[in-house]
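Heads up, the thing below is written out as structure tokens.
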Amino acid sequence: MTSALLLSGGMDSLSIAWWKRPTHAITIDYGQKAAAAERTVSAAICSEIGIAHHVVSVDCRSLGSGDMAGTHADTAAPASDWWPYRNQLLITLAAMKAIGLGAKVLYIGTVASDEGHRDGTKDFVRMMDELLRYQEGGLRIEAPAIDLTTVELVNEAKVPAGILAYAHSCHKANIPCADCRGCNKYIESMEALGYGDRAP
């Protein structure tokens with residue numbers, strides 16, 4: 001079955017790539033501050049694994065807010081890195097590409113800790129899956145790690161330390177700032193895995 005993965009190059013989606021070995025990986029450059037690093041890391045991981053890599057570029061900077069956009073967070077933001085409806089946008093754009101590639105399933109890297117945002121919950125994934133299944137093409141959305149922590153996902157996927165070190169999780173820049181929620185999660189996860197010396 002032809003499958004695709006929404007790949008940002010962060011620890012979670014990178015681990016899904018190593019674990020599930022999808023046919024295609026799709027990276028979205030939507031105008032986020034770390035777009036160049038995410039594209040570079042994603043391309044390197046796909047080359048290492050042997051996955052076809054695709055980049056979709058749509059400039060949504062005028063719609064962004066918070067750390068990822070380099071602006072003040074929107075008043076509705078539950079956290080400084082909140083970009084309005086970002087996961088909905090990314091899944092939609094990746095699905096548009098995936099359906100053209102003949103994919104029947106689109107994997108996303110949602111993990112248990114993402115429930116801090118509504119678009120990281122099981123209900124959100126279920127509703128996005130139902131919406132896409134309702135439409136032509138019958139594409140399915142799957143979040144294989146939604147019940148796992150990042151550390152549990154890395155262990156389940158058996159990601160080698162050298163591959164995991166590629167991950168770029170920074171929300172603010174192409175060079176890790178070591179002071180945002182993405183970098184903090186990366187550092188904490190690497191330390192929990194016993195790879196603290198590989199953290200930025």
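- In the hydrophobic clustering of ILVMFWY residues, with side-chain heavy atoms under 4.5 Å counting as a link, L148 and V151 come out apart.
- Applying the side chain to side chain donor-acceptor pair (under 3.5 Å) rule to K97 yields no partners; only residues at least two apart in sequence or on another chain are considered.
- Interatomic distance, SG of C60 versus CG of L89, reported as 5.0 Å (0.5 Å rounding).
- Atoms CD1 and OH, on I28 and Y30 in that order, are 9.5 Å from each other to the nearest 0.5 Å.
- In the hydrophobic cluster analysis, where Ile, Leu, Val, Met, Phe, Trp and Tyr join through side-chain heavy atoms closer than 4.5 angstrom, V55 is grouped apart from I51.
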Name the atoms and distances for all side-chain donor-acceptor pairs under 3.5 Å in residues 2-10, with sequence neighbours left out.
from, atom 1, to, atom 2, distance (Å)
S3, OG, T23, N, 3.3
S8, OG, G10, N, 3.1
S8, OG, S13, OG, 3.2

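- Around atom CD of Q135, more than 12 heavy atoms belonging to other residues, nucleotides or ligands sit under 6.0 Å away.
- By the salt bridge (charged side-chain N to carboxylate O under 4.0 Å, His left out) test, D59 is found to be paired with R61, residues two or more places apart in sequence or in another chain being considered.
- For D129, the salt bridge (charged side-chain N to carboxylate O under 4.0 Å, His left out) test picks out R133, R140, with sequence neighbours left out.
- Scanning for salt bridge (charged side-chain N to carboxylate O under 4.0 Å, His left out) contacts around E130 gives R126, with sequence neighbours left out.
- Listed here is the closest heavy atom pair of P22 and A17: CD-O, 3.8 Å.
- Evaluation of the side-chain contact (heavy atoms from CB on, under 4.5 Å) rule for V111 yields D12, S113, D114, A145, T150, L153, K185 as partners, not counting sequence neighbours.
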Stepwise side-chain contact (heavy atoms from CB on, under 4.5 Å) check, M128 with T92: CA-CA 9 Å; M128 289 300 296; T92 299; 4.1 Å; yes
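- Here the shortest heavy-atom pairing between A35 and N174 reads N-OD1, 3.8 Å.
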Stepwise side-chain contact (heavy atoms from CB on, under 4.5 Å) test for L14 and Y166: CA-CA 9 Å; L14 181 157; Y166 278 102; 4.2 Å; yes
S15 and L164: CA distance, side-chain angles, deciding distance, side-chain contact (heavy atoms from CB on, under 4.5 Å) verdict: CA-CA 8 Å; S15 296; L164 197 61; 4.2 Å; yes
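- One hydrophobic cluster holds both Y195 and M11 under the rule that ILVMFWY side chains link at heavy-atom gaps under 4.5 Å.
- Nearest heavy atoms, W18 versus A157: CD1-O, 3.1 Å.
- Residues E142 and I108 are not in side-chain contact: their nearest non-hydrogen atoms beyond the backbone lie 4.5 Å or more apart.
- In this structure, I141 CD1 and L131 CG are separated by 9.5 Å, a value rounded to the nearest 0.5 Å.
- Residue M127 places its CE atom among more than 12 non-hydrogen atoms of other residues, nucleotides or ligands, all under 6.0 Å distant.
- Every pair passing side chain to side chain donor-acceptor pair (under 3.5 Å) that includes a residue from residues 36-47 is listed here, sequence neighbours excluded: T27-S42, D29-R39, Q32-E38.
- With sequence neighbours left out, R21 forms a side chain to side chain donor-acceptor pair (under 3.5 Å) with no residue at all.
- Residue pairs satisfying the salt bridge (charged side-chain N to carboxylate O under 4.0 Å, His left out) criterion with at least one member in residues 143-159, sequence neighbours excluded, are listed as follows: K122-D147.
- Neither I16 nor F124 shares a network with the other; the hydrophobic side chains, linked directly or stepwise wherever heavy atoms of I, L, V, M, F, W or Y lie under 4.5 Å apart, form separate groups for each.
- The two residues H168 and A34 come nearest to each other via the heavy atoms NE2-CB, 3.7 Å.
- To the nearest 0.5 Å, atom SG of residue C180 and atom NZ of residue K172 are 6.0 Å apart.
- Both M96 and V125 are assigned to one and the same hydrophobic cluster, defined by single-linkage of ILVMFWY side chains at heavy-atom distances under 4.5 Å.
- The ring pair (Phe, Tyr, Trp, His ring centres under 6.0 Å) search around H24 returns H54, not counting sequence neighbours.
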Criterion side-chain contact (heavy atoms from CB on, under 4.5 Å) on V41 and I45, from CA distance to verdict: CA-CA 6 Å; V41 167; I45 293 304; 4.3 Å; yes
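- Scanning for side-chain contact (heavy atoms from CB on, under 4.5 Å) contacts around A95 gives L106, L132, L139, with sequence neighbours left out.
- Residues K20 and Y107 approach most closely at CB-CE1, 3.9 Å, considering heavy atoms.
- In plain terms, the two heavy atoms of H171 and G182 that are nearest each other are CE1-N, 3.4 Å.
- The side-chain contact (heavy atoms from CB on, under 4.5 Å) search around N184 returns E188, not counting sequence neighbours.
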